[in-house]
Amino acid sequence: MLHTMRWFGPNDPVSLMDIRQAGCTGVVSALHQIPVGEIWSVEAIQERINIIEKDNTRYIPLKWLVVESLPVHEDIKKGLPSREKLIENYKISLANLAKCGIKTVCYNFMPVLDWSRTNLNYEMPDGSKALRFVWEDFAIFDLYILKRPNAEKDYEIEVRESAKKKFEVMTPTEVETLKNTALLGLPGSEEAFDLNTFQGLLDNYAHIGDAELRANLYYFVQQIAPFAQEIGVNLCIHPDDPPKSLLGLPRVVSTENDLEQLMNACDITANGITFCTGSLGVREDNELAKMVKKFANRIHFLHLRTTKREENPLNFHEAAHLMGDVDMYEVVKAVIEEQNRRKSVGQADNQIPMRPDHGHQMLDDLQEGITKRKTYPGYSAIGRLKGLAEIRGLQMAIERNLSA
């Protein structure tokens with residue numbers, strides 16, 4: 001696997017040197033400063049490449065290997081007439097990335113919110129802090145903070161009643177924290193959606209259900225993937241996070257069946273998958289190693305992390321990378337077997353880019369005072385370094401065993 005870490009650009013508290021010293025040779029980045037739907041110019045892409053490669057002659061070289069993400073405009077997800085122009089812009093951006101030598105592009109098709117958690121500082125038994133999702137707390141946000149019309153039908157009566165009791169004793173600070181956490185925007189952003197306008201964003205999907213969102217996704221990949229294949233770019237969709245419907249919005253990239261339908265909708269290599277073990281692993285019915293084997297030739301990018309379902313399986317938290325509900329040994333073994341297959345047939349992309357995802361806050365990332373480093377939720381330097389080190393060791397052991 002090609003070892004990478006996500007880097008949010010020059011303002012990221014985690015530096016390129018941190019990423020290099022963690023053992024990475026690849027960087028996963030995006031041009032977050034460009035509004036969604038606008039074209040990524042060659043000049044803007046090359047500027048980011050120059051920043052990433054600035055010290056390559058002095059230190060171990062870093063290369064921008066994966067774009068995460070080239071975001072899909074909401075009008076495309078909603079299937080509005082304006083999608084045609086936006087799809088053309090997307091193609092131009094892909095072509096410009098290809099001209100600059102970047103050939104792997106991650107995206108997602110989650111409506112409105114990219115990912116959702118209810119706690120960004122859940123304390124683990126070792127004192128480190130993790131991301132957590134609690135269904136009851138999300139119900140509090142939905143029912144009593146957002147007050148979404150008809151939200152009651154999405155929650156069982158026991159959940160509604162317990163959420164109400166808990167909300168009634170929450171302090172204003174606790175309410176504000178939950179609100180801001182639930183409304184957090186894109187990964188790498190500290191900006192949350194505004195509560196007063198958020199309901200309007202949801203209303204735009206009032207007439208878009210599961211079937212409509214699937215049709216819009218399939219239309220998008222049918223327009224984009226053949227073009228991407230022509231220019232040598234692999235697209236890889238990120239699964240829903242968490243993999244279930246939230247806020248009345250459909251989610252259509254959550255299960256093995258969802259991925260199979262999407263792959264069949266445009267049956268070419270460029271229509272591929274970002275295989276995120278954390279997102280897919282939240283669902284007990286997703287058998288991850290089996291899914292890696294099934295979709296092996298369509299997996300172009302890996303997010304290796306694990307989540308732990310709690311006593312209420314609708315609740316989960318980010319576990320240490322080799323713990324939790326994901327059998328990381330079997331997943332990595334299946335990935336290495338696929339890489340070996342690709343090598344045996346002379347396939348150029350025989351090493352799949354991988355990044356350790358959602359590390360815990362620990363050590364210096366938790367220290368108060370001048371040494372404390374404020375990082376984006378899930379993207380602390382030390383927690384990801386620990387996860388990468390564990391996965392690298394696991395990878396080496398599996399490779400040795402398979403070659404024996």
Problem set entry | salt bridge (charged side-chain N to carboxylate O under 4.0 Å, His left out) assessment of Glu88 paired with Lys85 | CA-CA 5 Å; Glu88 288 306 310; Lys85 173 62 175 174; over 6 Å; no
Show me the donor-acceptor pairs, under 3.5 Å and distance only, between side chains in residues 259-266 and residues at least two apart or in other chains.
from: Glu260; atom 1: OE1; to: Lys294; atom 2: NZ; distance (Å): 3.3
from: Asn264; atom 1: ND2; to: Glu260; atom 2: O; distance (Å): 3.2

Exercise. Taking atom CG of Asn234 and atom SG of Cys106, what is their separation to the nearest 0.5 Å?
Worked result: 12.5 Å
Exercise. With a cut-off of 6.0 Å (strictly less than), are more than 12 heavy atoms of other residues, nucleotides or ligands near CD1 of Ile60?
Worked result: no
For this session: Please say whether more than 12 non-hydrogen atoms of neighbouring residues, nucleotides or ligands are located less than 6.0 Å from CD in Gln33.
Result: yes
For this session: Sequence neighbours left out, what pairs pass ring pair (Phe, Tyr, Trp, His ring centres under 6.0 Å) with at least one residue falling in residues 226-251?
Result: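 Listed by first then second residue: His238-His303.
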For this session: Run through Val253, Asn257, Val252 and flag the one making a side chain to side chain contact (heavy atoms under 4.5 Å, CB included) with Thr255.
Result: Asn257
Problem set entry | From CA spacing to verdict: salt bridge (charged side-chain N to carboxylate O under 4.0 Å, His left out), Glu337, Arg341 | CA-CA 6 Å; Glu337 288 172 340; Arg341 183 200 66 79; over 6 Å; no
Problem set entry | Residue that, paired with Glu318, satisfies side-chain hydrogen bond (donor to acceptor under 3.5 Å, both in side chains) out of Arg132, His360, Lys308, Arg117 | Arg117
Seminar exercise, completed: In short, Asn286 meets Met291 closest at the heavy-atom pair CB-SD, 3.8 Å
Can [X] and [Y] be counted as an ion pair, charged N to O under 4.0 angstrom?
{"X": "Arg214", "Y": "Asp210", "answer": "yes"}
{"X": "Glu161", "Y": "Lys165", "answer": "no"}
{"X": "Asp154", "Y": "Arg148", "answer": "yes"}

Exercise. For Tyr59, which residues count as a side chain to side chain donor-acceptor pair (under 3.5 Å) partner, sequence neighbours excluded?
Worked result: none
Exercise. Who are the side chain to side chain donor-acceptor pair (under 3.5 Å) partners of Thr4, not counting sequence neighbours?
Worked result: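 Thr4 satisfies side chain to side chain donor-acceptor pair (under 3.5 Å) with no residue once adjacent residues are dropped.
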Exercise. Any idea how Trp115 and His358 line up, ring-wise: parallel (<30°), tilted (30 to 60°), or perpendicular (>60°)?
Worked result: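 Tilted, since the angle between the ring planes falls between 30° and 60°.
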Would you check if there is a donor-acceptor pair between the side chains of [Y] and [X] at a distance under 3.5 Å?
{"X": "Asn216", "Y": "Glu212", "result": "no"}
{"X": "Tyr379", "Y": "Asp12", "result": "no"}
{"X": "Arg283", "Y": "Ser254", "result": "no"}

For this session: Any pair with a residue in residues 168-178 that passes salt bridge (charged side-chain N to carboxylate O under 4.0 Å, His left out), sequence neighbours left out, goes on the list, sorted by first then second residue, please.
Result: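 Those involving residues 168-178 are Glu176-Lys179.
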Exercise. Which pairs, with at least one residue in residues 263-280 and sequence neighbours excluded, count as a salt bridge (charged side-chain N to carboxylate O under 4.0 Å, His left out)?
Worked result: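 Sorted result for residues 263-280: Asp267-Arg298.
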For this session: Step by step, work out the salt bridge (charged side-chain N to carboxylate O under 4.0 Å, His left out) result for Arg6 and Asp357.
Result: CA-CA 8 Å; Arg6 195 171 191 177; Asp357 203 7; 5.8 Å; no
For this session: Take Asp241 and Arg305 through the salt bridge (charged side-chain N to carboxylate O under 4.0 Å, His left out) test and state the conclusion after the steps.
Result: CA-CA 13 Å; Asp241 186 9; Arg305 64 181 173 92; 3.3 Å; yes
Problem set entry | Pair Tyr376-Phe8, ring pair (Phe, Tyr, Trp, His ring centres under 6.0 Å): steps then yes or no | CA-CA 9 Å; Tyr376 300 123; Phe8 293 103; 4.8 Å; yes
Problem set entry | side chain to side chain donor-acceptor pair (under 3.5 Å) between Asn96 and Ser93, intermediate numbers included | CA-CA 5 Å; Asn96 290 342; Ser93 294; 5.6 Å; no
